[in-house]
Amino acid sequence: MQTRTKPVSGATENDSTALYSVSQLAGQLGVTARTIRFYEDKNLITPQRAGTTRVYGLRDRARLILILRGKRLGFSLREIKELLDLYDADPQHHVQLRQLLVAIRKRVTKLQEQRVAIDECLGELQEIDRQCEDVLASRAK
């Protein structure tokens with residue numbers, strides 16, 4: 001269950017002027033503040049400053065959600081950054097969608113190849129397991 005916290009600015013979450021502290025954003029997204037700062041260091045998000053405090057807007061929140069989803073799906077930070085940069089450069093998002101399709105198809109192919117390799121490895125391990133059991137059973141007689 002995800003808890004909702006009030007944005008720093010006092011605006012509602014649907015308000016385009018909502019601002020979040022690093023701890024609020026981290027809590028909402030289930031990550032650490034350190035994770036958020038890491039993505040900031042990689043120039044994937046660019047929080048505003050309120051004095052010396054970082055404050056994150058809805059754009060940063062949306063980008064973080066996309067970054068976390070991309071990482072969960074196995075995309076590299078470089079690939080994620082390229083897609084996010086395309087989003088900003090192409091208001092119609094045609095280029096971004098085409099690039100996303102290419103990236104998704106590559107990832108699916110790689111995962112399918114890994115599945116085959118895993119299945120082969122499991123088969124081999126199961127055969128070795130069976131052979132070991134056979135040897136132990138024959139020695140126990």
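Hydrogens, waters and symmetry mates play no part in the numbers below; they use all other heavy atoms, side chains included. We number each residue from 1, following the sequence as shown.
With sequence neighbours excluded, the residues satisfying side-chain contact (heavy atoms from CB on, under 4.5 Å) with E82 are R78. With sequence neighbours left out, the salt bridge (charged side-chain N to carboxylate O under 4.0 Å, His left out) criterion links R59 to D88. With sequence neighbours excluded, the residues that form a salt bridge (charged side-chain N to carboxylate O under 4.0 Å, His left out) with D134 are R130.
The distance from atom SG of C132 to atom CD of E127, rounded to the nearest 0.5 Å, is 10.0 Å. Considering CD of E79 and CG of L84, their distance stands at 12.0 Å, rounded to 0.5 Å. To the nearest 0.5 angstrom, Q28 atom CD is 7.0 Å from Q24 atom CD.
Here I118 sits in one hydrophobic cluster together with L122; the rule is ILVMFWY side chains under 4.5 Å apart, joined directly or through other members.
Among all heavy-atom pairs drawn from V22 and I36, the shortest one is O-CD1, 3.8 Å. Between A33 and A26, the shortest heavy-atom contact is N-CB, 3.8 Å.
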Residues K81, I67; criterion side chain to side chain contact (heavy atoms under 4.5 Å, CB included); working and verdict:
CA-CA 8 Å; K81 183 169 181 10; I67 292 164; over 6 Å; no
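Applying the 6.0 Å contact sphere to CD of Q131 captures more than 12 heavy atoms from other residues, nucleotides or ligands.
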Name every donor-acceptor pair, under 3.5 Å, that has one atom in a side chain of residues 38-49 and the other anywhere in the protein, sequence neighbours excluded.
unit_1, atom_1, unit_2, atom_2, d
E40, OE1, R54, NE, 2.6
E40, OE1, Y56, OH, 3.3
E40, OE2, R54, NE, 3.3

Show every donor-acceptor pair shorter than 3.5 Å between a side-chain atom in residues 96-113 and any protein atom, with sequence neighbours excluded, or say none if there are none.
unit_1, atom_1, unit_2, atom_2, d
Q96, NE2, L83, O, 3.3
R107, NE, L73, O, 2.7
T109, OG1, R105, O, 3.0

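With a 4.5 Å cut-off on side-chain heavy atoms, L66 and I80 do not count as touching. Under the 4.5 Å side-chain criterion, counting only non-hydrogen atoms from C-beta, R61 is in contact with I65.
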